[in-house]
2 protein chains.
Amino acid sequence: MHLFWEHGYEATSLAMLREAMGLTPPQIYNAFTDKETLFRRALTRYHETEIGFALDALSAPVSTREAIRLLLLGAAEAYSRPGKPGGCLFVSGALAASPQAQAIADELKSYRKASEAAIAERLAKGRAVGDLPEGFSVESFAKYIAGVMNGMSIQARDGASVEELRIMAQTALAALPPEEQKRGA
Amino acid sequence: MHLFWEHGYEATSLAMLREAMGLTPPQIYNAFTDKETLFRRALTRYHETEIGFALDALSAPVSTREAIRLLLLGAAEAYSRPGKPGGCLFVSGALAASPQAQAIADELKSYRKASEAAIAERLAKGRAVGDLPEGFSVESFAKYIAGVMNGMSIQARDGASVEELRIMAQTALAALPPEEQKRGA
DNA sequence: CAGGTTTCGTATCGATCACTATGGATAATT
DNA sequence: AATTATCCATAGTGATCGATACGAAACCTG
């Protein structure tokens, strides 16, 4: 997973994987069928072990603004963990790919789209309970937040520290409309 | 340039380049020495022909806020030009790379760092003339703006339209502190 | 302890990578 | 017009890619 995270799908050779896992080629193929399946397993593992912060933030019983804040700060931390490759595997894994690896690139794109959709869902919920103003576009803002997270991923890859990413998250948060008073309260 | 832009440095094979340029391998090597040099030429050409908007925006005789607005809107347009690959070559070219191509990845990283530095320079100029409040951190905000542009590049690659990117740009701009009255005026 | 089976690592597969040597066609010179 | 020189595409170089055939070693059974 770390190799794919660091070098991307195509640039990670079986020789590197073999050495890292201490397995012989037949053992790898016996366990994972082929390189593509192994990568998908790595994606699943990454999803389960590295980015729980996202689901946590979006499902936390807090205001919409606070949920987005938790999401961005969680990303700042997750994208700059010591001993781990910088950024997000879903971004670094195959942003550009050869025609042969188009399926992999599309899969990663669908992960990113799913993240954006999850953000949009949380924003829609927020608008439903009056956390957000009337004219607020859920889709547009979700695209902004998802885009900022993608940008943080690249900044992390370029060496940004967790503090720098947190500041970027806080800055991005300033674009959110101010918390509204609930009319009923 | 388009091939590198679309598929990245390593995933673009000489066979693809040969077909696209209508040249034989020796002609390519006679003209460009090797693949790495050809890629660097493509980077230079990209810089000259595709992202003039950035220098234009940062050197325009307008307020700092307006300059950043022009920068982000220019990116929205440049990252989604019809008939061109989505996003920015400096991001897509080699976000992740094999150990052999580390030099290329580093070169692209330095391009991104240079962009961020250019933004920081413009912000510093803005603060010097009183466009920005006292406590404003030039470096942090430059990292935010550069990060947002990188994020726009990925959103563009994921199929975002120019309108969607413009909205993202406008949203990002809301994080900028409001234009200050010049004390002397 | 012998025989049969299964497991597993080495050595290699064909394909493709970036890259180049060489033979043939063309052009220039005597 | 004959000969030499120059160019240039084809064909192939070693290396590495993902993936596997095969022989040796180990193990369980009788």
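A, B, ... follow the sequence lines: proteins, then strands. Residue 1 opens every chain. Since the model is a prediction, treat every value here as computed from it, not as a measurement.
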query = Mind checking whether B/Phe4 and B/Tyr46 have ring centres under 6.0 Å apart?
reply = no

inquiry  = To the nearest 0.5 Å, what is the distance between OG on A/Ser92 and CH2 on A/Trp5?
reply    = 9.0 Å

inquiry  = Starting from B/Leu70 and following side-chain heavy-atom contacts under 4.5 Å between hydrophobic residues (I, L, V, M, F, W, Y), which residues can be reached?
reply    = B/Val62

request  = Please confirm whether B/Lys35 makes a cation-pi placement over B/Tyr9, using NZ or CZ under 6.0 Å from the six-membered ring centre and within 45° of the ring normal.
outcome  = yes

remark   = To the nearest 0.5 Å, atom NZ of B/Lys125 lies from atom OG of B/Ser59 at 8.0 Å

ask   = Quick one: A/Leu38 CG to D/dG18 C1', roughly how many Å, whole number?
value = 12 Å

remark   = 5'-most to 3'-most nt of DNA chain C touching chain A (<4.0 Å, heavy-atom partner on protein side) reads C/dG9 to C/dT10

Positions of residues 28-37 of chain A (non-hydrogen atom under 4.0 Å from DNA chain D), listed by number = A/Tyr29, A/Asp34, A/Lys35

Sidechain N-carboxylate O distance under 4.0 Å for B/Arg40, B/Glu36 = yes

With 3.5 Å as the limit, what N/O pairs link the protein to nucleotides 10-15 of chain D?
none

key: Near-ring test B/Phe39/B/Phe32, centroid separation under 6.0 angstrom   = no

request  = Kindly say whether A/Tyr111 contributes a backbone atom to a donor-acceptor pair with the side chain of A/Ser115 at under 3.5 angstrom?
outcome  = yes

query = Taking only side-chain nitrogens and oxygens of B/Gln27, does any of them come within less than 4.0 Å of OP1 or OP2 of D/dA9?
reply = yes

ask   = salt bridge (charged side-chain N to carboxylate O under 4.0 Å, His left out): which pairs involve residues 75-93 of chain B, sequence neighbours left out?
value = B/Glu50-B/Arg81, B/Glu50-B/Lys84, B/Glu77-B/Arg81

ask   = Who passes side-chain contact (heavy atoms from CB on, under 4.5 Å) against A/Ala75, sequence neighbours left out?
value = A/Phe53, A/Tyr79, A/Met149, A/Met152

request  = For A/Glu19, check salt bridge (charged side-chain N to carboxylate O under 4.0 Å, His left out) against everything at least two apart and list the hits.
outcome  = none

inquiry  = So for the helix from C/dC1-D/dG30 to C/dT30-D/dA1, with five pairs setting each end axis, what is the inter-axis angle to 10°?
reply    = 30°

I'd like a table of atom pairs between the protein and nucleotides 24-28 of chain D - only N or O on both sides, under 3.5 Å - with the distance next to each one.
none

ask   = What distance separates A/Ser137 OG from A/Tyr144 OH, expressed to the nearest 0.5 Å?
value = 14.0 Å

task = Please name all residues satisfying side-chain hydrogen bond (donor to acceptor under 3.5 Å, both in side chains) with A/Asn30, sequence neighbours left out, ordered by chain then number.
result = none

message = Holding to side-chain contact (heavy atoms from CB on, under 4.5 Å), I want the full list of residues that pass it with A/Asp56, two or more places apart in sequence or in another chain.
response = none

inquiry  = If hydrophobic residues (ILVMFWY) are linked whenever their side-chain heavy atoms come closer than 4.5 Å, directly or via other members, who joins B/Ile154 in its cluster?
reply    = A/Val91, A/Leu95, A/Ile154, B/Val91, B/Leu95

